[in-house]
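Down below is the structure, laid out as structure tokens.
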Amino acid sequence: MKITSAQFMRGLMGDDEVLHNDVRQVAFIGRSNVGKSSVINNLAQRKDLAHSSPTPGRTRQINVYLINKSFYLVDLPGYGFAKGSKQDRNELKKLIDWYLFDAGINQSVIVLIIDAKVGMTDLDHDMLDLLEEAGKKVVVIANKVDKVKKSEYQKNMKAIQEAADPYPVIPYSALEKFGVGELINQIVQVK
Ligand code: GDP
């Protein structure tokens, strides 16, 4: 499959009818600054579909895009941005948790993006545990593999794969557009 069209639908701070029609949803989640906007942009072959911000933690809403007129790509706010106020962080966390766990939405897949160089952080682990407990389908993207030294690649990927078990991990570089085909396959496979 090729992504031929991507159309911005809504920026949400809470519930909306688009979340409850029959269009399937593929959600993207990750720590702030992990490269989520970059991954979404190269998936959609657009420079600026998702706003890649030089200031981490700026995207405070759930952005919904219609892809190929067939499914929604749901871009969730980044989590764990250390510099925001505690209240801001709590509000974002509430919004994310609501969409993932309380809104009664059965996402067809959730794409969790982590940093391949940093590895899985405590926050990533917590998120993955919650997703697994909730019985969600998940694909883990290990982004920024271009930053991992060749000599450390095997060790890093093995550790990430073990931590992500039972979910698949896709080595990825938004910068080098590496792994895009595999991500698209994973998104398309699920119904
Ligand atoms: P977001 O906050 O998760 O949406 O992250 P952004 O897409 O805004 O990216 C955060 C920073 O990481 C930016 O400076 C990007 O250029 C950089 N970045 C994103 N993906 C990659 C990648 O695959 N490799 C490298 N080296 N840098 C990346």
Side-chain angles (χ1 to χ4, degrees), residues 12-15 19 25-40 43 50-53 55-64 72-145 147-148 152-153 155-174 179 182-183 186-187 190:
L12 308 177
M13 300 290 284
D15 214 353
L19 297 177
Q25 297 174 31
V26 176
F28 282 68
I29 175 104
R31 272 187 308 112
S32 184
N33 218 32
V34 75
K36 182 164 53 63
S37 307
S38 307
V39 172
I40 290 172
L43 189 65
H51 297 291
S52 181
S53 161
T55 315
R58 275 286 168 79
T59 319
R60 314 200 148 277
Q61 54 188 19
I62 297 174
N63 291 309
V64 182
Y72 288 142
L73 186 161
V74 179
D75 179 15
L76 293 163
Y79 54 80
F81 176 51
K83 284 187 187 153
S85 75
K86 199 169 173 191
Q87 193 187 348
D88 281 356
R89 279 207 305 272
N90 285 342
E91 273 170 24
L92 281 186
K93 188 166 185 326
K94 258 199 216 152
L95 185 64
I96 294 167
D97 287 353
W98 166 79
Y99 169 79
L100 290 174
F101 307 116
D102 302 327
I105 297 166
N106 185 16
Q107 295 88 1
S108 63
V109 66
I110 294 166
V111 180
L112 173 71
I113 304 174
I114 66 157
D115 185 315
K117 184 153 191 243
V118 175
M120 217 177 272
T121 66
D122 289 348
L123 281 175
D124 297 328
H125 269 295
D126 290 349
M127 177 55 74
L128 203 60
D129 284 350
L130 290 173
L131 291 170
E132 192 177 354
E133 273 166 33
K136 302 285 184 183
K137 277 194 196 139
V138 178
V139 172
V140 176
I141 294 285
N143 188 36
K144 309 195 186 185
V145 285
K147 287 174 77 177
V148 180
E152 286 170 6
Y153 185 85
K155 181 172 62 76
N156 279 28
M157 288 309 298
K158 190 162 177 264
I160 291 169
Q161 248 143 13
E162 280 172 8
D165 186 65
Y167 297 118
V169 178
I170 302 178
Y172 200 97
S173 166
E182 204 180 336
L183 173 57
Q186 291 281 349
I187 292 174
V190 291

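In what follows, residues are counted from 1 in the order of the sequence shown. Just so it is clear, the structure is predicted and the values come from calculations on it, not from any experiment.
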Do side-chain atoms of Lys144 reach the backbone of Val118 as a donor and acceptor pair under 3.5 angstrom? no
Derivation and outcome, side-chain contact (heavy atoms from CB on, under 4.5 Å), residues Ile96 and Phe101: CA-CA 8 Å; Ile96 294 167; Phe101 307 116; over 6 Å; no
Could you tell me whether the side chain of Ile105 reaches within less than 4.5 Å of the side chain of Val74, counting heavy atoms only? no
Those residues at least two apart in sequence (or on a different chain) that pass side-chain hydrogen bond (donor to acceptor under 3.5 Å, both in side chains) with Glu91 are Gln87
Nearest heavy atoms of Ile170 and Gln186, plus distance in Å: CD1-CG, 3.6 Å
Please round to the nearest 0.5 Å and tell me the distance separating atom CG of Leu12 and atom CG of Asn63. 8.0 Å
Nearest heavy-atom contact between Ile29 and Pro77 is CD1-O, 4.3 Å
Give the minimum heavy-atom separation between Ala116 and Asn156, together with the two atoms involved. O-ND2, 3.1 Å
Using a 6.0 Å cut-off, check whether atom CG of Asp102 has over 12 heavy atoms from anything other than its own residue. yes
Determine the minimum heavy-atom distance between Ala27 and Leu76, stating which atoms define it. CB-CD1, 4.3 Å
How far does CD of Glu133 sit from CG of Leu128, to the nearest 0.5 angstrom? 10.5 Å
So side chain to side chain donor-acceptor pair (under 3.5 Å) across residues 112-121, not counting sequence neighbours, yields Thr121-Asp124
Test salt bridge (charged side-chain N to carboxylate O under 4.0 Å, His left out), reference Asp88, set Lys94, Lys93, Arg60, output is Arg60
Within-4.5 Å side-chain heavy-atom neighbours: Tyr167 and Leu112: no
Quick one: closest heavy-atom pair of Val169 and Ala164, and the distance? CG2-CB, 3.5 Å
Is there side-chain contact between Pro168 and Val140, with heavy atoms separated by less than 4.5 Å? no
Closer than 3.5 angstrom, by distance alone: can the side chain of Gln107 be matched with the main-chain N or O of Lys136 as a donor-acceptor pair? no
OG on Ser37 to CG on Asp75, rounded to 0.5 Å: 6.0 Å
To the nearest 0.5 angstrom, please state how far the CD1 atom of Ile113 sits from the CG atom of Leu183. 8.0 Å
Nearest non-hydrogen partners of Gly119 and Ile114, listed with the distance: C-CD1, 4.4 Å
Listed by chain and number, what are the side-chain hydrogen bond (donor to acceptor under 3.5 Å, both in side chains) partners of Asp126, not counting sequence neighbours? none
Less than 4.5 Å apart, side chain to side chain, heavy atoms only: is that true for Leu100 and Leu130? no
Flag the pair Leu19 / Tyr99 as yes when at least one side-chain heavy-atom distance between them is below 4.5 Å, and no otherwise. yes
Is there a side-chain contact between Tyr79 and Leu92, using heavy atoms and a 4.5 Å cut-off? no
If you define the side chain from C-beta out and look only at heavy atoms, does anything of Met157 sit under 4.5 Å from Val148? no
State, yes or no, whether a side-chain contact exists between Phe28 and Ile141 at a heavy-atom distance under 4.5 Å. no
Leu73/Leu43 under side-chain contact (heavy atoms from CB on, under 4.5 Å): CA gap, chis, key distance, verdict: CA-CA 11 Å; Leu73 186 161; Leu43 189 65; 4.0 Å; yes
Check the surroundings of atom CG in Asn106: do more than 12 heavy atoms from other residues, nucleotides or ligands lie under 6.0 Å from it? no
